[in-house]
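Everything on this sheet refers to the single structure shown next.
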Amino acid sequence: MIKARVSAENPDANLGPYDQTRKGFSWAEEEKRYGIEHAARINIVTESVDRWAGESDARDRAALLFEQGGEVRTYSYRKLRQESCQWANLLHDYGLQPGERLFIFLPQCPETYLAMIGCARLGVIFCNLFSTSTYGEMEVRIRDARPAAILTHPDLAEQLPADAMESVRWVFLTRGPLPGALPNEVLVENRPGRMPPEFDNPLLPRRGPLYLNYTSGSTGTPKGIVHAHQDLLGMGATARYVLDLSPGTLLWTEADPAWVTGTVYGVFAPWLCGATLLVQGDPFSASNLYRTLEKHGVEVWYTTPTTIRHLVEEGEDLPGRYDFSRLRHVATVGEPLVPDLFYWGLRNLGHSLHDTWWMTETGVICLANYPSMDIKPGAMGKPVPGLEAAVLDEEGEPAPPMTMGELAIRLEWPGLMCALWGDEERYEQYFRVPGWFLTGDMVLRDDEGYYYHQGRTDDLIKVGGIKMIGPYEIEHVLYMHPAVAEAAVISKGGDPGSGKSSVKAFIVLNPSFSPSNRLSQEIRAFLRANLSREIAVRDISFIDQIPKTRSGKILRRVLRAKELGLPGGQPLNLQD
Ligand code: WT7
């Protein structure tokens with residue numbers, strides 16, 4: 001366990017003293033902020049976009065800055081209200097009904113955002129898909145969710161499975177030329193601009209569906225996770241406390257809305273806080289990223305360890321050439337923020353990186369490091385105000401500190417998914433232990449209440465008879481070796497004699513090292529010296545690339561399947 005500690009970056013941040021704020025927090029108070037105490041019907045757009053668009057001193061504030069190819073399009077709150085109302089009117093005119101689904105399958109563009117808000121106004125469930133989705137991925141999702149309409153771009157039309165489109169009444173295209181091969185193609189282009197700029201948001205049941213998001217995390221087949229309008233309470237509170245947003249704060253959330261992070265903290269959460277959201281639509285490059293932080297004077301940046309890793313690869317002299325003086329808070333999500341990356345950020349960006357933990361199912365950040373709390377590098381921090389977390393053992397009982405168990409969150413909270421699309425049985429599995437939502441993530445908590453990620457339940461490795469460890473424990477040691485750029489550790493199953501798992505490490509080397517038996521031996525010796533005696537890594541393989549999901553999660557199951565010759569060893573069609 002890491003003993004290092006880095007002092008709180010900003011004791012005056014929104015959260016203030018952790019314990020005190022936590023004690024004083026209540027969801028009822030959150031409802032009061034929006035004037036929706038005990039309301040059975042609400043609309044998230046009324047509380048985010050329209051609320052600021054209706055205030056004379058806020059309506060001209062930028063809600064969205066969309067940058068692409070050097071050009072910036074600015075949407076004030078007023079303009080965002082107007083154009084999203086026009087979208088709502090357009091979708092309404094085409095007969096889309098509350099509860100029906102609109103698939104948004106677009107490359108990065110402002111229409112994505114306008115259509116999402118348009119849907120939310122109407123109660124139409126929107127579902128964002130990565131523009132890199134394949135034909136097969138689209139087919140599975142269309143058959144599952146049966147969208148009434150799809151909004152797309154002619155360049156992506158070939159990814160739409162012609163014989164799975166029975167449910168689709170309209171295919172809306174943001175541009176011409178119309179592909180001419182899909183059912184009822186509608187050229188949208190300038191049409192929203194000709195629609196009435198006002199729309200009366202219906203109030204929708206608080207648990208009424210808002211959006212659907214397909215995720216497979218790093219395990220299992222894709223699941224359609226459904227979220228409700230009442231999530232606004234959790235989104236607003238976490239954006240204030242974890243991302244430290246206030247009215248007017250400039251936030252850059254890198255994530256595409258097809259990833260839940262992009263929908264929650266890259267759309268609604270900043271607008272619930274009256275902040276300004278920056279969207280950068282260009283493909284990734286380190287220099288473009290630094291330039292973006294500098295040019296816009298980004299104040300809060302929500303990113304991922306994968307991005308930081310790309311920056312590390314580009315070297316330490318680049319960041320020094322840019323001015324990040326407006327940047328005041330950086331947070332990451334999605335994978336372990338290993339201490340190496342944390343310290344790289346401290347040295348090169350001049351900021352502590354604040355790890356946060358959540359999942360598509362939880363809808364909002366659950367564990368976090370806060371600007372006003374000391375950081376223990378390698379730890380995911382503590383539960384957000386309003387949520388209670390626990391480490392449960394195999395019997396579903398709370399485990400003592402420093403014991404690995406499954407992370408669970410106390411039911412329930414505004415943010416928790418309201419359904420798994422068409423799969424009640426799998427949905428129930430999350431609630432096997434009464435009173436708790438089971439995350440499937442293995443963690444441990446230290447005696448000060450900080451949580452440490454150990455892997456997914458299915459990635460566990462058995463050592464010394466019955467003791468289980470997460471792959472992260474071994475990967476963490478590997479990262480300390482100078483030759484290792486990236487590492488993934490898997491269990492190849494139990495040895496019938498000892499019961500111990502046989503453990504294999506996959507390693508991507510730093511550019512100045514090349515694979516050799518000698519290096520493999522040296523790394524094994526290094527592991528022996530730094531791990532407890534009962535953990536033996538016998539097998540090491542040097543590879544060029546670690547298979548990952550689109551959101552950067554290591555696909556250990558793919559490595560395992562390949563290693564054992566099981567089905568599922570093809571990462572390409574498992575990506576999500
Ligand atoms: C899984 C959920 C909602 C955005 C996150 C991705 C892993 C998430 C961390 C972290 C280690 C993390 C978990 C979780 N994960 N954050 N800070 N450290 N692992 O959402 O695609 O639904 O994936 O991401 O394993 O279960 P997702």
Side-chain angles (χ1 to χ4, degrees), residues 128 130 211-227 231 234-235 238-239 242-243 253-269 302-309 330-339 341-342 353-370 375-384 389 406-409 415-417 420 430 437-444 450-460 470-473 475-476 488 548-557 574-576:
N128 289 97
F130 287 103
Y211 71 97
L212 170 66
N213 188 282
Y214 280 93
T215 176
S216 53
S218 56
T219 42
T221 52
K223 0 176 207 208
I225 295 183
V226 186
H227 280 284
D231 288 20
M235 293 177 183
T238 51
V242 183
L243 299 184
T253 296
E254 265 168 82
D256 184 300
W259 194 32
V260 72
T261 310
T263 292
V264 175
Y265 298 99
V267 176
F268 293 106
Y302 199 24
T303 182
T304 63
T306 300
T307 294
I308 304 293
R309 204 164 266 133
V330 185
T332 67
V333 65
E335 318 129 62
L337 180 71
V338 296
L341 294 181
F342 175 85
L353 307 183
H354 293 73
D355 190 12
T356 67
W357 181 97
W358 59 299
M359 56 201 298
T360 309
E361 290 87 332
T362 67
V364 293
I365 298 169
C366 299
L367 303 175
N369 289 287
Y370 310 87
I375 291 180
K376 299 188 183 184
M380 302 189 288
K382 300 187 183 187
V384 299
E406 185 169 355
L407 174 64
I409 315 286
L416 176 64
M417 61 174 169
L420 258 189
Y430 291 93
F437 166 80
L438 293 175
T439 66
D441 275 26
M442 300 303 287
V443 299
L444 52 81
Y450 284 79
Y451 283 76
Y452 298 79
H453 197 253
Q454 305 290 304
R456 295 279 304 168
T457 44
D458 3 18
D459 291 335
L460 288 188
Y472 178 54
E473 206 155 318
E475 288 161 11
H476 171 64
K548 290 189 180 166
T549 63
R550 283 206 182 92
S551 55
K553 276 183 244 311
I554 297 179
L555 282 162
R556 292 191 186 77
R557 80 191 138 90
L574 286 164
Q575 278 200 358
D576 195 307

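Order of listing sets the numbers, starting from 1, for every ligand and every atom in it.
For Trp259, there are no ring pair (Phe, Tyr, Trp, His ring centres under 6.0 Å) partners, not counting sequence neighbours. Shown here are the side-chain contact (heavy atoms from CB on, under 4.5 Å) partners of Asp231, two or more places apart in sequence or in another chain: His227, Ala228, Met235.
Distances from atom 23 (O) of ligand 1 to the heavy atoms of Gln454, His453, Lys553 show the closest one on Lys553.
Atoms of ligand 1 found under 4.0 Å from any heavy atom of Thr261, numbered from 1 in the order shown, are 4 (C). Within ligand 1, the atoms closer than 4.0 Å to a non-hydrogen atom of Asp355 are 10 (C), 17 (N), numbered from 1 in the order shown. Remark: ligand 1 atoms within the under-4.0 Å shell around heavy atoms of Thr360 are 3 (C), 20 (O), 21 (O), 22 (O), 27 (P). Set against the non-hydrogen atoms of Thr215, the atoms of ligand 1 under 4.0 Å away are 21 (O), 22 (O). Those atoms of ligand 1 with a heavy atom of Thr356 less than 4.0 angstrom away are 10 (C), 16 (N), 17 (N). Of all atoms in ligand 1, numbered sequentially from 1 with element shown, those under 4.0 Å from a heavy atom of Arg456 are 25 (O), 26 (O).
The proximity of Glu335 to ligand 1, defined as any non-hydrogen pair under 4.0 Å, is limited to the backbone.
A side-chain contact (heavy atoms from CB on, under 4.5 Å) with Tyr211 is found for one member of Thr263, Ile225, Asn128 and no other, namely Thr263.
No donor-acceptor pair closer than 3.5 Å links the side chain of Thr360 to the backbone N or O of Val260.
On a distance-only criterion, Val333 and ligand 1 share no N/O pair closer than 3.5 Å. Taking any N or O of Thr439, backbone or side chain, none lies under 3.5 Å from an N or O belonging to ligand 1.
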Residues Arg309, Glu335; criterion side-chain contact (heavy atoms from CB on, under 4.5 Å); working and verdict: CA-CA 11 Å; Arg309 204 164 266 133; Glu335 318 129 62; 3.9 Å; yes
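Relative ring orientation between Tyr265 and Tyr302 is described as perpendicular, the plane-to-plane angle rising above 60° on a 0-90° scale split at 30° and 60°.
The heavy-atom pair separating Ile554 from Ala488 by the smallest distance is CG2-CB, 3.7 Å.
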